[in-house]
Amino acid sequence: MAPVTVKKICCIGAGYVGGPTCAVIALKCPNIIVTIVDLNKSRIDAWNSPDFSLPIYEPGLVDVVKEARGRNLFFSTDVDKAIKEADLIFVSVNTPTKKSGVGAGFAADLNYVESATRRIAAVATSSKIVVEKSTVPMRTAESMRTILEANSKPGLRFDILSNPEFLAEGTAISDLFSPDRVLIGSLQTPEGLDACRSLIEVYANWVPKERILTVGLWSSELSKLAANAMLAQRISSINALSAICEATGANIDEVAHAVGRDSRMGPKFLRASVGFGGSCFQKDILNLVYLSESLHLPEVAAYWRQVVIMNEYQKRRFSKTVVDTLFNTITNKNITVLGFAFKADTGDTRESAAITLIRDFLSERAHVTIYDPQVEEAQIWYDLAEAIPDTPIEQIKKQVTIAPNALDAAKNSEAVVIATEWKEFIDIDWKAVYDTMNKPAFVFDGRMILNADALRQIGFKVKTIGRGEKI
Ligand SMILES: NC(=O)C1=CN([C@@H]2O[C@H](COP(=O)(O)OP(=O)(O)OC[C@H]3O[C@@H](n4cnc5c(N)ncnc54)[C@H](O)[C@@H]3O)[C@@H](O)[C@H]2O)C=CC1
Ligand SMILES: O=C(O)[C@H]1O[C@H](OP(=O)(O)OP(=O)(O)OC[C@H]2O[C@@H](n3ccc(=O)[nH]c3=O)[C@H](O)[C@@H]2O)[C@H](O)[C@@H](O)[C@@H]1O
């Protein structure tokens with residue numbers, strides 16, 4: 001049997017991964033019809049909006065959608081139709097950490113993957129290649145195959161591939177245009193290898209073949225968890241060192257530079273911060289911890305768990321620095337938090353360190369004013385209500401203001417806290433900010449983006465993460 005030439009792709013899940021990934025496939029493969037489906041109608045409506053107000057903010061994404069939408073890229077809520085017509089289906093649904101039941105707080109909730117798989121089984125009338133795009137625990141492909149085989153019409157074949165996604169938010173389009181690697185895992189059977197070849201042919205439309213890596217299914221699933229765990233581990237390592245810098249007078253920037261010049265380590269991902277956020281690092285590490293515990297490897301579990309513990313410590317340590325520096329109390333003081341997204345160039349707030357910082361400030365009974373250039377007000381209220389479940393939102397709203405820009409946000413405040421590394425924060429008229437603030441005026445730079453000396457010249461007292469210098 002020869003590999004199938006893919007003509008129609010269905011992507012289940014129109015989120016941060018499914019949307020950009022399959023939009024780029026459509027752009028780069030004009031001969032393939034790509035339909036991205038989701039149960040969430042408002043999300044699909046936004047993808048289809050005439051003025052391209054897409055549901056996610058990602059630099060370059062609008063241009064991709066403008067070129068491909070209506071040509072060979074479609075967004076729809078008709079999941080069944082898209083499944084039926086496709087020869088290859090990406091499953092790009094969410095896999096959050098389980099909130100209750102066995103493995104609560106650690107294991108991935110596979111409910112969405114299972115429902116998508118059951119839907120494929122229920123409606124497929126022809127054989128399909130089914131691709132795990134979501135990040136999943138090891139051996140999920142096996143469960144998917146069992147569900148498909150037990151529930152589908154007789155005579156159909158389902159080949160499952162693992163094709164984890166490595167894009168980072170904020171740079172998703174350039175990551176997808178020129179990925180470091182595309183990883184495809186398959187069973188090493190003739191059918192599995194044929195399915196793998198079919199997917200290789202899709203990517204080969206724009207990705208050099210030497211960047212398309214093929215491995216066994218289980219290695220592929222584990223590689224995704226491993227990559228995220230090791231990236232997060234680097235941040236926790238540099239953040240642990242930032243605490244030593246602050247206590248000793250060393251400068252974490254200089255340490256990171258010196259360490260990163262070793263070609264075995266490289267300079268990337270060594271930026272100390274208020275702590276990593278995002279929907280995946282913590283979730284995927286906890287998933288690895290759960291896997292290790294299930295495999296009776298407690299030392300391995302403890303090793304990875306420490307990466308998350310260190311991240312929590314970093315967030316707490318930063319909010320404590322703010323309180324300690326503001327004369328040990330922020331009760332009734334105005335604190336301005338610049339940035340709410342978990343990193344720059346995204347409107348995504350999932351697990352953002354800003355949320356933990358703000359929760360800590362509110363618990364000290366401070367008044368907090370927030371400004372973020374991309375995050376919508378409704379999202380901020382939603383996240384704060386989730387983070388502080390025992391306080392009614394009306395009460396939270398009494399303590400929090402959302403401002404339309406940084407200058408307004410800083411008015412009459414005692415301290416400005418940089419929580420997200422948005423470039424526009426570097427270019428603020430800091431003298432104007434200073435003039436509107438109560439004195440002494442403090443800046444806490446949790447992202448190392450500001451010129452501390454220039455701020456001190458204006459009159460600010462400045463604390464930068466990872467620097468032990470006098471404020
Ligand atoms: N966000 C990121 O940058 C990255 C995420 N990942 C992984 O990709 C997966 C998806 O992540 P995101 O796109 O961020 O999630 P998301 O929450 O933004 O999108 C998932 C979408 O799937 C839809 N969905 C769920 N069940 C469905 C079903 N049965 N039928 C149709 N639609 C359904 C939801 O309505 C939602 O819109 C996760 O496993 C994540 O770990 C991997 C790499 C990067
Ligand atoms: O599986 C996923 O979801 C994705 O997770 C991360 O991507 P993402 O979370 O979008 O963004 P990152 O750039 O990795 O940043 C994650 C967090 O770490 C922080 N960070 C990053 C780098 C650094 O040096 N220091 C640092 O604190 C960021 O500010 C952010 O809060 C990975 O980088 C992607 O390869 C992966 O596909």
Side-chain angles (χ1 to χ4, degrees), residues 10-22 36-44 46-47 55-56 58 76-80 82-83 89-97 108-120 132-137 140 163-172 175-176 179-181 224-225 227-232 234-239 242 252 256 260 267-285 287 311 314-315 339 341-346 348-354 419-421 446-448 465:
C10 161
C11 172
I12 306 181
Y16 286 88
V17 164
T21 308
C22 286
I36 305 177
V37 294
D38 205 295
L39 298 173
N40 182 335
K41 183 172 177 315
S42 63
R43 217 164 197 185
I44 290 297
W47 282 110
I56 61 180
E58 193 61 63
S76 168
T77 49
D78 195 343
V79 178
D80 292 2
I83 291 175
I89 301 169
F90 283 107
V91 177
S92 307
V93 299
N94 35 331
T95 50
T97 305
D109 182 349
L110 290 176
N111 189 25
Y112 304 96
V113 172
E114 181 168 339
S115 350
T117 310
R118 285 188 183 276
R119 207 63 222 147
I120 297 171
E132 283 175 347
K133 187 48 112 178
S134 300
T135 304
V136 289
T140 300
N163 172 220
E165 185 48 59
F166 295 102
L167 69 79
E169 288 177 32
T171 54
D175 292 344
L176 289 165
D180 285 347
R181 79 308 209 180
K224 174 62 195 177
L225 297 182
N228 272 0
M230 291 180 75
L231 286 168
R234 246 170 108 92
I235 303 170
S236 278
S237 297
I238 206 73
N239 282 345
S242 76
I252 196 63
K268 293 184 181 166
F269 248 72
L270 287 176
R271 233 177 34 250
S273 66
V274 276
F276 60 74
S279 61
C280 293
F281 278 174
Q282 177 170 309
K283 155 175 91 67
D284 293 347
I285 293 173
N287 200 331
N311 197 47
Q314 184 75 349
K315 292 188 264 185
F342 81 94
K343 63 184 280 195
D345 292 326
T346 177
D348 195 351
T349 60
R350 292 178 287 181
E351 304 294 338
S352 177
T420 311
E421 72 280 24
R447 292 293 189 162
M448 301 192 307
I465 204 137

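Ligands are counted one by one from 1 in listed order, and the atoms in each one are counted from 1 as well.
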**Prompt:** Taking Asn94 for the side chain and Pro96 for the main chain, is one N or O donor matched with an acceptor at less than 3.5 Å?
**Reply:** no
**Fill in**
Closest to atom 25 (N) of ligand 2 (heavy atoms only, candidates Arg271, Gln314, Arg350, Glu165) is Arg271
**Item:** Lys224 neighbourhood, listing ligand 2 atoms whose heavy-atom distance to it stays under 4.0 Å
**Value:** 1 (O), 2 (C), 36 (C), 37 (O)
**Complete:** For Cys280, the ligand 2 atoms with a heavy-atom partner under 4.0 Å come out as 1 (O), 2 (C), 3 (O)
**Message:** Using a 4.0 Å heavy-atom cut-off, which part of Arg447 comes near ligand 2: side chain, backbone, both, or neither?
**Reply:** side chain
**Message:** For Ser279, state whether at least one heavy atom is located under 4.0 Å from any atom of ligand 2.
**Reply:** no
**Message:** Any nitrogen or oxygen of Phe166, side chain or backbone, less than 3.5 Å from one on ligand 2?
**Reply:** yes
**Request:** Using the test side-chain contact (heavy atoms from CB on, under 4.5 Å), find all partners of Pro137 that sit at least two apart in sequence or belong to another chain.
**Result:** Ala108, Leu110, Thr140, Asn287
**Prompt:** Is it true that Arg234 lies under 4.0 Å from ligand 2, counting heavy atoms only?
**Reply:** no
**Message:** Taking side chain to side chain contact (heavy atoms under 4.5 Å, CB included) as the criterion, tell me which of Ile36, Ile83, Leu39, Thr117 meets it with Ile12.
**Reply:** Ile83
**Request:** Please test Leu176 against Thr21 for side chain to side chain contact (heavy atoms under 4.5 Å, CB included), starting from the C-alpha separation and ending with a verdict.
**Result:** CA-CA 7 Å; Leu176 289 165; Thr21 308; 4.2 Å; yes
**Asp284 N/O under 3.5 Å from ligand 2 N/O** = no
**Prompt:** Does Leu167 come within less than 4.0 Å of ligand 2, judged by its heavy atoms?
**Reply:** yes
**Request:** Specify side chain, backbone, both or neither for Leu270, according to which of its non-hydrogen atoms lie closer than 4.0 Å to ligand 2.
**Result:** backbone
**Message:** Has Ser134 got a side-chain atom pairing as donor or acceptor with Val136's backbone, closer than 3.5 angstrom?
**Reply:** no
**Request:** Would you mind checking which non-hydrogen protein atom is closest to atom 10 (O) of ligand 2, with the distance to 0.1 Å?
**Result:** Glu169 N, 2.8 Å
**Prompt:** Quick check: does any side chain N or O of Glu58 sit under 3.5 Å from a backbone N or O of Ala172, one acting as donor and the other as acceptor?
**Reply:** yes
**Prompt:** Does the distance from a Lys or Arg side-chain N to an Asp or Glu carboxylate O, for Glu421 and Arg271, drop under 4.0 Å?
**Reply:** yes
**Prompt:** For Ser273, does its backbone N or O pair with a side-chain atom of Gln314 as donor and acceptor, under 3.5 Å?
**Reply:** yes
**Identity and separation of the nearest protein heavy atom to atom 21 (C) of ligand 2** = Ile235 CD1, 3.5 Å
**Prompt:** Hey, which atoms in ligand 2 end up nearer than 4.0 Å to a heavy atom of Ser273?
**Reply:** 26 (C), 27 (O)
**Asked** Taking the side chain from Arg350 and the backbone from Gly278, do they hold a donor-acceptor pair closer than 3.5 Å?
**Response** no
**Message:** For the backbone of Gly19 and the side chain of Trp47, can you confirm whether one donor and one acceptor N or O come within less than 3.5 Å of each other?
**Reply:** no
**Request:** Could you find the nearest protein heavy atom to atom 11 (O) of ligand 2 and give me its residue, atom name and distance?
**Result:** Lys343 NZ, 3.2 Å
**Request:** Verify, without hydrogens or angle tests, whether Thr420 (side chain) and Ala341 (backbone) share a donor-acceptor contact under 3.5 angstrom.
**Result:** yes
**Request:** Indicate yes or no for a side-chain donor-acceptor contact from Ser352 to the backbone of Gly277 under 3.5 Å, with no hydrogens or angles considered.
**Result:** no
**Message:** Using only atom types and a distance under 3.5 Å, with no angle test, would you say the side chain of Lys41 pairs donor to acceptor with the backbone of Thr77?
**Reply:** no
**Prompt:** Is there a donor-acceptor contact under 3.5 Å from the side chain of Lys315 to the main chain of Val274?
**Reply:** no
**Prompt:** For ligand 2, is there an N or O atom under 3.5 Å from any N or O atom of Gly277?
**Reply:** yes
**Message:** So, 4.0 Å and heavy atoms of Lys268: is ligand 2 close enough to count as a contact?
**Reply:** no
May I have every N or O pair linking ligand 1 to the protein at under 3.5 Å, one per line with atom names and distance?
from: ligand 1; atom 1: 1 (N); to: Glu169; atom 2: OE2; distance (Å): 2.9
from: ligand 1; atom 1: 3 (O); to: Glu169; atom 2: OE2; distance (Å): 3.2
from: ligand 1; atom 1: 13 (O); to: Tyr16; atom 2: N; distance (Å): 3.0
from: ligand 1; atom 1: 13 (O); to: Val17; atom 2: N; distance (Å): 2.9
from: ligand 1; atom 1: 14 (O); to: Arg350; atom 2: NH1; distance (Å): 3.3
from: ligand 1; atom 1: 14 (O); to: Arg350; atom 2: NH2; distance (Å): 2.9
from: ligand 1; atom 1: 18 (O); to: Tyr16; atom 2: N; distance (Å): 3.2
from: ligand 1; atom 1: 18 (O); to: Arg43; atom 2: NH1; distance (Å): 3.3
from: ligand 1; atom 1: 18 (O); to: Arg43; atom 2: NH2; distance (Å): 3.3
from: ligand 1; atom 1: 19 (O); to: Arg43; atom 2: NH1; distance (Å): 3.4
from: ligand 1; atom 1: 35 (O); to: Asp38; atom 2: OD1; distance (Å): 2.6
from: ligand 1; atom 1: 37 (O); to: Asp38; atom 2: OD1; distance (Å): 3.4
from: ligand 1; atom 1: 37 (O); to: Asp38; atom 2: OD2; distance (Å): 2.6
from: ligand 1; atom 1: 37 (O); to: Arg43; atom 2: NH1; distance (Å): 2.7
from: ligand 1; atom 1: 39 (O); to: Thr95; atom 2: OG1; distance (Å): 2.6
from: ligand 1; atom 1: 39 (O); to: Thr135; atom 2: N; distance (Å): 2.9
from: ligand 1; atom 1: 41 (O); to: Thr135; atom 2: OG1; distance (Å): 3.4
from: ligand 1; atom 1: 41 (O); to: Lys283; atom 2: NZ; distance (Å): 2.6

**Message:** Can you check which of Phe342, Phe281, Phe269 brings a heavy atom nearest to atom 9 (O) of ligand 2?
**Reply:** Phe342
